[in-house]
Amino acid sequence: MKKVIAIFGAGSGLAASVARQYAQRDCRIALVARNAGKLELLQQSISETGADVASFVADLADSGATSKAVSDVCSRFGRIDVVYFAPNPMSTFLPATQVTPEILQPLVDLYFFGLVNVINATLPEMRERKGGGILVALGGTAREGFPFLSGVGPAMAAARNYLQSLQKEVASDHVDIGVITITAIIQNSAFHQSLFTESGKKSMPVPEVDPDHLATLLDEALCNPHKLEAIYPPEF
């Protein structure tokens, strides 16, 4: 049976590169995200590789919608062998002095609870059959806090801590976990596209990176049981 990867937070940047990477391995692809229009475009693009691909609309901040999406993917493909989780950014950064519980709640619901919901819905079956993979992409502020760049960082930091613990707990079940932490602008992503204006391209204090390169780094982290996380840029 061909393996199935479910991409939660399917978009035009790294998620698309991961999808194509697994399509080249003759895997079946499930795309999950909130925006039906963007999902359709990505599905059309991936289908051109010849892969069996389907899309599912779901808000990953909604636990009920996430559970239904997992159920729908399994109904379509039979099972999920690999999970990729990296929702598209839902907000901009803000100073830590302006952070409130009300601001953090939707970020935690998406980036932390959303991840936990996806893993809770897929991990038991992976552990039962002794095999599976979990891929996660995080922003650089999950690893280190920077002035005036708070908000999403604390939510992603919670997810990173959770994955550090989880990797050690499921290793004996042959469930591999790979994380990539990125302090860069991913080419072709929605954020990267937003930098282009009529007057030109906005300058940013961090480098740009090819998502295909990130997909390779993420895959290397997944395949190395002694290394949970890849960091880009490596010297950051």
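Because the structure is a prediction, the values reported are computed rather than measured. As a basis for the values below, the full set of heavy atoms in this structure was taken, side chains included, without hydrogen atoms, waters or symmetry mates. The first residue of the sequence shown is numbered 1, and numbering continues consecutively from there.
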request  = List for me each residue that meets side-chain hydrogen bond (donor to acceptor under 3.5 Å, both in side chains) alongside S17, sequence neighbours excluded, and say none if there are none.
outcome  =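 Per chain and number, S17 pairs via side-chain hydrogen bond (donor to acceptor under 3.5 Å, both in side chains) with D212.
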ask   = Looking at residues at least two apart in the chain, or sitting in another chain, which of them share a side-chain hydrogen bond (donor to acceptor under 3.5 Å, both in side chains) with K168?
value =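 Applying side-chain hydrogen bond (donor to acceptor under 3.5 Å, both in side chains) to K168 gives none.
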message = I'd like to check the ring-ring contact (aromatic ring centres under 6.0 Å, His included) partners of H213; sequence neighbours left out, ordered by chain and number.
response =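 H213 satisfies ring-ring contact (aromatic ring centres under 6.0 Å, His included) with Y232 only.
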Going by heavy atoms in the side chains, are [X] and [Y] under 4.5 Å from each other?
X    : Y    : value
L14  : I182 : yes
I231 : R143 : yes
L166 : I119 : yes
V32  : I7   : no
V170 : I177 : yes
I5   : V18  : yes
T183 : P233 : yes
F8   : Y84  : no

Grab the two heavy atoms, one from [X] and one from [Y], that are nearest each other, plus how far apart they are.
X    : Y    : result
P211 : N188 : CG-ND2, 4.3 Å
A30  : F56  : CB-CE1, 3.8 Å
L228 : A221 : O-CB, 3.8 Å
L110 : F85  : O-CZ, 3.4 Å
F77  : I29  : CZ-O, 3.5 Å
A33  : L39  : O-CD1, 3.6 Å

Sequence neighbours left out, cut at 3.5 Å: what donor-acceptor pairs do the side chains of residues 125-136 make with other protein atoms?
{"residue": "E125", "atom": "OE1", "partner": "R129", "partner atom": "NE", "Å": "2.7"}
{"residue": "E125", "atom": "OE1", "partner": "R129", "partner atom": "NH2", "Å": "2.9"}
{"residue": "E125", "atom": "OE2", "partner": "R129", "partner atom": "NE", "Å": "2.7"}
{"residue": "R127", "atom": "NE", "partner": "D173", "partner atom": "OD2", "Å": "2.6"}
{"residue": "R127", "atom": "NH2", "partner": "D173", "partner atom": "OD2", "Å": "3.0"}
{"residue": "R129", "atom": "NH1", "partner": "D81", "partner atom": "OD1", "Å": "3.3"}
{"residue": "R129", "atom": "NH1", "partner": "G131", "partner atom": "O", "Å": "3.0"}
{"residue": "R129", "atom": "NH2", "partner": "I80", "partner atom": "O", "Å": "2.5"}
{"residue": "K130", "atom": "NZ", "partner": "D173", "partner atom": "OD1", "Å": "2.8"}

Taking atom [atom1] of [X] and atom [atom2] of [Y], what is their separation to the nearest 0.5 Å?
X    : Y    : atom1 : atom2 : result
M156 : N161 : CE    : CG    : 15.0 Å
L222 : D176 : CG    : CG    : 5.5 Å
T66  : L60  : OG1   : CG    : 5.0 Å
T100 : L94  : OG1   : CG    : 8.0 Å

inquiry  = Determine whether Q167 and Y162 satisfy the following criterion, side chain to side chain contact (heavy atoms under 4.5 Å, CB included), listing intermediate values before the conclusion.
reply    = CA-CA 9 Å; Q167 183 199 34; Y162 162 72; over 6 Å; no
Who passes side-chain contact (heavy atoms from CB on, under 4.5 Å) against [X], sequence neighbours left out?
X   : answer
Q24 : none
Q44 : E40, L41
Q43 : L31, V53, S55
P95 : T97, Q98, F148

task = Could you walk me through whether L123 and V175 pass side chain to side chain contact (heavy atoms under 4.5 Å, CB included), step by step?
result = CA-CA 8 Å; L123 183 60; V175 177; 3.9 Å; yes
inquiry  = Under a 3.5 Å cutoff, is there a donor and acceptor pairing between the side chains of E220 and N224?
reply    =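 The answer is no; no qualifying pair exists.
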Passing option when S150 is tested against V99, L104, T141, I103 for side-chain contact (heavy atoms from CB on, under 4.5 Å) =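 So the option named by the test is V99.
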Do the side chain of [X] and the main chain of [Y] share a donor and acceptor less than 3.5 angstrom apart?
X   : Y    : value
T49 : A23  : no
Q21 : A215 : yes
S67 : G64  : no

Any salt bridge (charged side-chain N to carboxylate O under 4.0 Å, His left out) pairs touching [range], not counting sequence neighbours?
range            : value
residues 146-163 : R160-E229
residues 10-28   : K2-D26, R25-D219
residues 49-72   : D52-R76, K68-D72

Derivation and outcome, side chain to side chain contact (heavy atoms under 4.5 Å, CB included), residues V4 and V82 = CA-CA 6 Å; V4 177; V82 181; over 6 Å; no
